Amino acid sequence: MDSAGFDSEGREFSSATEMWAAEIGAATSAPASAEVGPPAAAAPSNGEAGAGTGEGKRKEWYSKGISYWQGVEASTEGVLGGYGCVNDADVKGSDAFLRPLLAERFGAAKRHLVALDCGSGIGRVTKNFLLRHFNEVDLVEPVSHFLEAARENLAGCMDVGQDTHKAANFYCIPLQDFTPEEGRYDVIWIQWCIGQLTDDDFISFFNRAKVGLKRDGFFVLKENIARNGFVLDKEDNSVTRSDAYFRELFKKCGLYIHNIKNQKELPEELFAVKMYALVTSEPKIKKSGKRRRPKNSPHVIRS
Ligand SMILES: C[S@@+](CC[C@H](N)C(=O)[O-])C[C@H]1O[C@@H](n2cnc3c(N)ncnc32)[C@H](O)[C@@H]1O
């Protein structure tokens, strides 16, 4: 795996470990195969979580990210970094990815479906897509003016009677501090926000969030993908990881890729985007070594 990376100011790093040491001042759980650089020096501790110590630098990392988003307009253009034009393709791609997964995992029987929209911003994903499929959607977002905009944008979809589709709960908290309610969700959707989290917070978030899934529930991670290693954006303190980097992190989370698809029809100048459906138990392997085909998936008829 090519684990070297660079930041938006042109600084090169020989490994993710080196980058995290520079950014948060302490070793973070970078992918094992990314650890080709010198081991991260633990920050000297004076007993206080002041700036310059591991905890101080970690706080700085997150507060810089939040300050960036606090300065962004609460609109589709704002949360999509001036690329509001990708909204339709994004929604279409998500729909094509999720629809067969819902049928395969939950079958045709009518079931009350609940989703969690992580780093929801103004509720764009919930409004344009998740509410079509789920009876209830909860939103978690740390920037209060985004969450307020989401409440307004979703007002028409709330409290509209039984067996309808509504935004149910709004949590104003960052993912690194959030633990979902046990067994509430069929799908936990995480789109265009996980780059804000350090590797160790990524791993502990997914480990905590597993308890929020119902039986057969799954995660969908939809993210920008770096060609190699990683790219650190110094403006909003986010990391764009490569597919190989994500796979190392999934392993560390005890998650398995059930399905994966590329988002199509994005402007050429943007990062590629992948959708990963992640499950908590290993997909069953047939004796032939192939993954067992789910009963209700397309199948060749043999007479
Ligand atoms: C690119 S926007 C995407 C918003 C939404 N997911 C969408 O696709 O429309 C990134 C979002 O991540 C949120 N965010 C920033 N730091 C975060 C954190 N630590 N935990 C969760 N979300 C965070 C931002 O406030 C912003 O709403």
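One-based numbering, in listed order, for ligands and for the atoms of each. This is a predicted model, so every value here is computed, not measured.
Residues H258 and L101 have side chains in contact (heavy-atom distance under 4.5 Å, counting atoms from C-beta outward). Residues F170 and V140 have side chains not in contact (no heavy-atom distance under 4.5 Å, counting atoms from C-beta outward).
A 6.0 Å sphere centred on CZ of R227 holds no more than 12 heavy atoms belonging to other residues, nucleotides or ligands. Surrounding CD of E77 are more than 12 heavy atoms belonging to other residues, nucleotides or ligands, all under 6.0 Å away.
Less than 4.0 angstrom separates some heavy atom of G119 from each of these atoms of ligand 1: 4 (C), 5 (C), 6 (N), 11 (C), 22 (N). Near Q191, meaning under 4.0 Å from one of its heavy atoms, ligand 1 places the atoms 6 (N), 8 (O). Distances below 4.0 Å separate heavy atoms of S120 from the following atoms of ligand 1: 5 (C). Taking every non-hydrogen atom of V143 and a distance limit under 4.0 Å, the qualifying atoms of ligand 1 come out as 25 (O). Listed by number with element, the atoms of ligand 1 under 4.0 angstrom from any heavy atom of C193 are 12 (O). Short contacts between ligand 1 and V125, defined as distances under 4.0 Å to a heavy atom of the residue, involve ligand atoms 7 (C), 8 (O). Interface atoms of ligand 1 facing E141, defined by a heavy-atom separation under 4.0 Å, are 13 (C), 24 (C), 25 (O), 26 (C), 27 (O). Heavy-atom proximity to Q196, at under 4.0 Å, picks out these atoms of ligand 1: 15 (C), 16 (N), 17 (C).
At a cut-off of 3.5 Å, with distance as the only test, no side-chain donor of K127 or N153 sits close to an acceptor on the other residue. In summary, the side chains of Q196 and W69 do present a donor paired with an acceptor at a separation below 3.5 Å, with no hydrogens or angles considered.
At least one N or O atom of L175, backbone or side chain, sits closer than 3.5 Å to an N or O atom of ligand 1. By the 3.5 Å distance cut-off applied to N or O atoms, F146 is not counted among the residues near ligand 1.
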Distance-only donor-acceptor pairs under 3.5 Å for side chains of residues 264-271, two or more places apart:
residue, atom, partner, partner atom, Å
E269, OE2, Y83, OH, 2.8

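Distances from atom 8 (O) of ligand 1 to the heavy atoms of R124, K222, Q70, Q176 show the closest one on R124. Comparing P142, P174, G121 against atom 17 (C) of ligand 1, the shortest heavy-atom distance belongs to P142.
The salt bridge (Lys or Arg N to Asp or Glu O under 4.0 Å) test applied to D117 returns no partner, not counting sequence neighbours.
Considering only non-hydrogen protein atoms, atom 2 (S) of ligand 1 sits nearest to V79 O, 3.4 Å. Among all non-hydrogen protein atoms, the one lying nearest atom 3 (C) of ligand 1 is W192 O, 3.5 Å.
The residue T76 has no part lying near ligand 1, judged by heavy-atom distances below 4.0 Å.
Two rings, from F219 and W189, have their centers 6.0 Å or more apart.
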